[in-house]
Peer 1: 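Sharing a structure below in structure tokens format, with a few things to ask.
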Amino acid sequence: MLTYKLEIETGKELCAGTINTISVVLVGSGGESPKHTLDHWGRDFLPGARDVYEVRCEQDIGEILVLRLYKEPFRHFPKDDWFCNSITVTCPNGETAEFPLFLWVSDYGTFEIQQGKGVILTESVSPIIKKQRAAELELKRQTHEWKIYAEGAPRCISADNVKDLPPNDRFSFLKTISFGFDYLTSSIGPKLKGYLQCSDSWADINDIKRVFCCQWTEISDLVSELWKEDSFFGYQYLNGLNPLMIQKCLRIPDNFPVDDLTVSATLGESTTLQAELQNGNIFLADYKILEGIPTNVINGERQYLAAPMCLLWKSKNNYIVPIAIQLNQTPGEENPIFVPTDPEWDWTLAKIWVRNSEFQVHEVVFHLLHTHLCAEVFNIATTRHLPMGHPVYKLIHPHLRYTLEINTLARQTLIGPNGLFDQAVVTGNGGVPVLLARAVESLTYSALCLPDDIQARGVESIPNYFYREDGMRIWRAMESFASDIIHYYYPSDETVSEDPELQAWVAEIFQEGFLSNKNSGIPSSFATRVELIKYLTMVMFTCSAQHAAVNSGQFDFFSWMPNGPSTMRKPPPTTKGTTTYQSILETLPAINTTATAMVAVSLLSKEPLDQRPLGKYKNVNFVEDAPKKCIEQFKEKLSEISKDIKVRNKTKRLTYHYLDPEEIECSISI
Ligand SMILES: *[C@@H]1O[C@H](CO)[C@@H](O)[C@H](O)[C@H]1NC(C)=O
Ligand SMILES: *[C@@H]1O[C@H](CO)[C@@H](O)[C@H](O)[C@H]1NC(C)=O
Ligand SMILES: [Fe+2]
């Protein structure tokens with residue numbers, strides 16, 4: 001008789017334990033053990049427990065390749081979900097096989113898991129493992145199906161309600177509770193309740209501060225002080241909520257007829273527009289994508305959207321400042337070019353219009369599409385094509401947590417019919433899907449890869465661009481982490497191009513996520529390890545750092561409504577000299593529209609409980625020493641970056657801390 005020792009760790013999550021009957025069969029290279037029921041007389045699988053069992057075999061069954069788990073009813077007790085962290089088998093000869101799981105096991109039935117060493121499918125892989133992987137994927141493809149969310153938008157998970165999601169994609173119990181609680185406390189504060197019922201204009205801009213009177217952050221306070229300053233307006237293109245819109249301008253666009261005369265008062269006498277263009281000091285933010293997007297009706301009134309162009313200048317003291325704004329794409333008498341030397345309220349309103357455009361482009365394109373919807377596609381394709389034994393699954397699995405749930409919730413309550421967008425945002429009620437489809441059409445691979453994006457926008461050398469500086473350090477750290485892992489598992493480029501699971505994965509992302517758009521430059525297959533490493537870096541960066549950059553500051557930058565109005569109640573001005581403080585108040589969102597948008601940005605800024613910062617993986621899916629060492633090296637690099645950001649933070653009044661790895665959530669979960 002030979003004895004195999006089994007150690008099983010149940011998750012610490014509330015309700016992670018099970019009273020269902022769990023049995024195992026060990027499947028080795030030389031045979032199988034008998035089915036063995038894991039039973040300590042009623043004390044098995046409590047939350048946080050490590051249970052030890054012994055499985056006896058008549059003969060040596062060789063190297064343990066697969067574990068077959070059975071979950072069956074125990075007497076008349078109801079079915080309950082079990083969160084299994086990991087299982088370790090110690091063979092009679094002292095060798096161990098680890099089975100990291102970190103998954104909910106819900107349904108009754110039999111399923112097999114592969115021992116934890118990362119394996120890519122090649123001819124030499126045991127038929128036992130091949131069979132296990134095929135069965136695992138077949139099961140997952142049934143629970144994770146695609147559906148069309150909107151014509152021209154990436155496909156999403158086929159679930160209308162979070163309750164329809166597979167158990168492993170639902171929030172943990174803790175998160176569900178804290179999410180609901182935050183929602184209630186932030187929206188039903190007694191003061192706020194009054195604001196939500198009043199559709200009047202604000203009588204005084206400073207009254208806005210009374211909503212959420214106790215929630216203002218240091219940065220949102222500063223925003224409310226600085227919002228009218230040109231240097232702050234420009235600063236936000238680098239280190240605000242949307243650091244992705246500014247690009248170098250080498251030639252003034254034909255439909256934005258700015259000339260020396262227009263900007264000479266701002267540039268001063270010592271230079272000319274032509275000289276500044278040549279020196280690379282002129283930048284452009286062009287909101288062409290918003291032209292003609294259908295607009296919402298709020299409180300019975302038609303809302304308005306512009307499609308501005310904003311010319312920016314890197315001034316002698318290295319500030320980025322706006323020098324000309326045109327609110328629509330077609331030049332003409334009724335589409336004046338506003339400049340800083342115009343009357344105060346004319347110039348202020350022009351900037352407010354640009355900030356309203358920023359709100360739309362930021363939320364729908366850079367936040368929703370570039371991070372949330374992309375991450376959802378990565379999640380679904382990974383589940384459908386990469387078995388848990390695949391090294392790429394192990395690498396990116398921590399970055400996929402809770403994304404299906406938050407996106408399904410967003411489709412239900414945020415961008416769905418009667419959601420917060422319909423109630424308070426100009427692109428609500430029909431505009432979002434149109435804008436999304438346009439943005440998908442023009443989405444490129446380089447826009448998703450930070451180093452390429454920086455180059456494509458020509459912003460490599462703008463000083464004090466902290467998003468770029470911090471982001472590039474994180475990108476490089478991730479790239480070298482991915483490179484170490486990939487070189488460990490893939491001995492050659494051929495092993496990449498011949499990995500059927502990996503190729504099916506990237507092909508499906510291209511097809512379902514990017515709608516097979518060849519012009520995007522997004523890969524649909526991999527020929528080399530270098531290509532794979534870049535792609536994996538993009539996936540990890542998108543799901544963590546990039547999302548943090550465009551998500552965490554929402555309350556900071558948008559809670560002071562004039563800095564990010566969700567909608568506008570009057571059309572853009574067609575002449576100069578008519579705008580007054582009063583007319584601006586009549587143009588900005590009404591009191592309850594403001595309050596509704598503030599509830600939304602407050603809700604979306606804060607990670608509820610149960611956070612998992614970048615690199616602090618609790619669920620390490622790798623069992624070999626080499627990849628575990630790579631994780632340690634990655635963590636060390638991140639903590640260095642974090643230290644440097646904290647030092648810089650101390651020297652600034654307006655801080656940029658969104659890309660501090662300690663503050664970056666590992667996956668998109670809010
Ligand atoms: C704003 O107030 C009006 C009037 O009370 C109400 O009809 C409308 O539903 C409110 N809108 C929101 C978004 O709360
Ligand atoms: C940065 O400094 C601000 C105060 O100036 C502080 O509230 C914040 O926690 C700091 N963040 C980091 C990451 O150090
Ligand atoms: Fe988000």
Side-chain angles (χ1 to χ4, degrees), residues 156 171 175 179 182-183 186-189 191-202 211 241-242 244 296-301 303 359 362-376 378-379 399-426 428-429 432 436 541-558 561 565-567 569 588-608 611-612 614 658-659 663-670:
C156 69
F171 280 171
K175 188 133 189 161
F179 193 85
D182 280 357
Y183 184 79
S186 58
S187 63
I188 315 290
K191 263 227 175 111
L192 198 57
K193 231 172 170 171
Y195 289 113
L196 285 170
Q197 282 154 6
C198 174
S199 60
D200 294 349
S201 297
W202 293 95
V211 185
L241 192 51
N242 178 12
L244 306 159
N296 202 353
V297 172
I298 296 174
N299 292 336
E301 289 175 39
Q303 307 293 299
F359 186 103
H362 164 268
E363 292 294 5
V364 179
V365 180
F366 294 106
H367 184 199
L368 180 63
L369 175 63
H370 286 206
T371 69
H372 278 255
L373 298 183
C374 285
E376 179 167 1
F378 303 148
N379 182 317
H399 298 287
L400 307 175
R401 184 171 172 256
Y402 296 152
T403 302
L404 296 188
E405 165 121 23
I406 192 65
N407 284 7
T408 304
L409 265 176
R411 280 187 288 269
Q412 273 177 271
T413 63
L414 203 60
I415 50 176
N418 306 316
L420 288 176
F421 261 65
D422 266 6
Q423 289 173 39
V425 183
V426 58
N429 202 10
V432 172
L436 266 181
F541 190 82
T542 298
C543 295
S544 56
Q546 187 67 2
H547 179 253
V550 297
N551 188 80
S552 312
Q554 287 179 94
F555 188 82
D556 285 348
F557 287 98
F558 283 165
M561 176 273 280
S566 57
T567 186
R569 292 183 293 159
L588 288 171
I591 290 175
N592 71 353
T593 311
T594 308
T596 303
M598 283 167 87
V599 169
V601 295
S602 148
L603 192 64
L604 294 176
S605 295
K606 276 186 246 105
E607 278 290 340
Q611 297 168 349
R612 234 164 256 185
L614 187 59
Y658 306 108
L659 289 184
E663 291 187 23
I664 296 175
E665 186 68 12
C666 203
S667 68
I668 300 184
S669 62
I670 189 71

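Count residues from 1 along the sequence. In each ligand, atom 1 is the first atom listed, and ligand 1 is the first ligand listed.
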Peer 1: So does Asn299 get a backbone contact from the side chain of Ser199, meaning a donor-acceptor N/O pair under 3.5 Å?
Peer 2: no
Peer 1: Could you pull out the closest heavy-atom pair between Gln303 and Glu301, with the gap in Å?
Peer 2: NE2-O, 2.9 Å
Peer 1: Under a 3.5 Å distance rule, please check whether Asn429 uses its side chain to pair with a backbone N or O of Asp422 as donor and acceptor.
Peer 2: no
Peer 1: Pairs of nitrogen or oxygen atoms, one from ligand 1 and one from the protein, closer than 3.5 Å: please tabulate them with distances.
Peer 2:
from: ligand 1; atom 1: 2 (O); to: Asn592; atom 2: ND2; distance (Å): 2.2
from: ligand 1; atom 1: 5 (O); to: Gln197; atom 2: O; distance (Å): 2.8
from: ligand 1; atom 1: 11 (N); to: Asn592; atom 2: ND2; distance (Å): 2.9
from: ligand 1; atom 1: 14 (O); to: Leu196; atom 2: O; distance (Å): 3.2

Peer 1: Between the main-chain N or O of Asn418 and the side-chain N or O of Gln423, is there a donor-acceptor pair closer than 3.5 Å?
Peer 2: yes
Peer 1: Under a 3.5 Å distance rule, please check whether Thr403 uses its side chain to pair with a backbone N or O of Glu376 as donor and acceptor.
Peer 2: no
Peer 1: Under 30°, 30 to 60°, or over 60°: which ring-plane class applies to His547 and His367, parallel, tilted or perpendicular?
Peer 2: tilted
Peer 1: Would you say that His399 contacts Arg401 through its side chain, given a criterion of any heavy-atom pair below 4.5 Å between the two side chains?
Peer 2: no
Peer 1: Are side-chain heavy atoms of Val364 and Leu436 found at a separation under 4.5 Å?
Peer 2: yes
Peer 1: Between the main-chain N or O of Leu614 and the side-chain N or O of Glu665, is there a donor-acceptor pair closer than 3.5 Å?
Peer 2: no
Peer 1: Which residues and atoms, protein N, O or S only, are under 2.8 Å from the Fe ion (ligand 3)?
Peer 2: His367 NE2, His372 NE2, His547 NE2, Asn551 OD1, Ile670 O
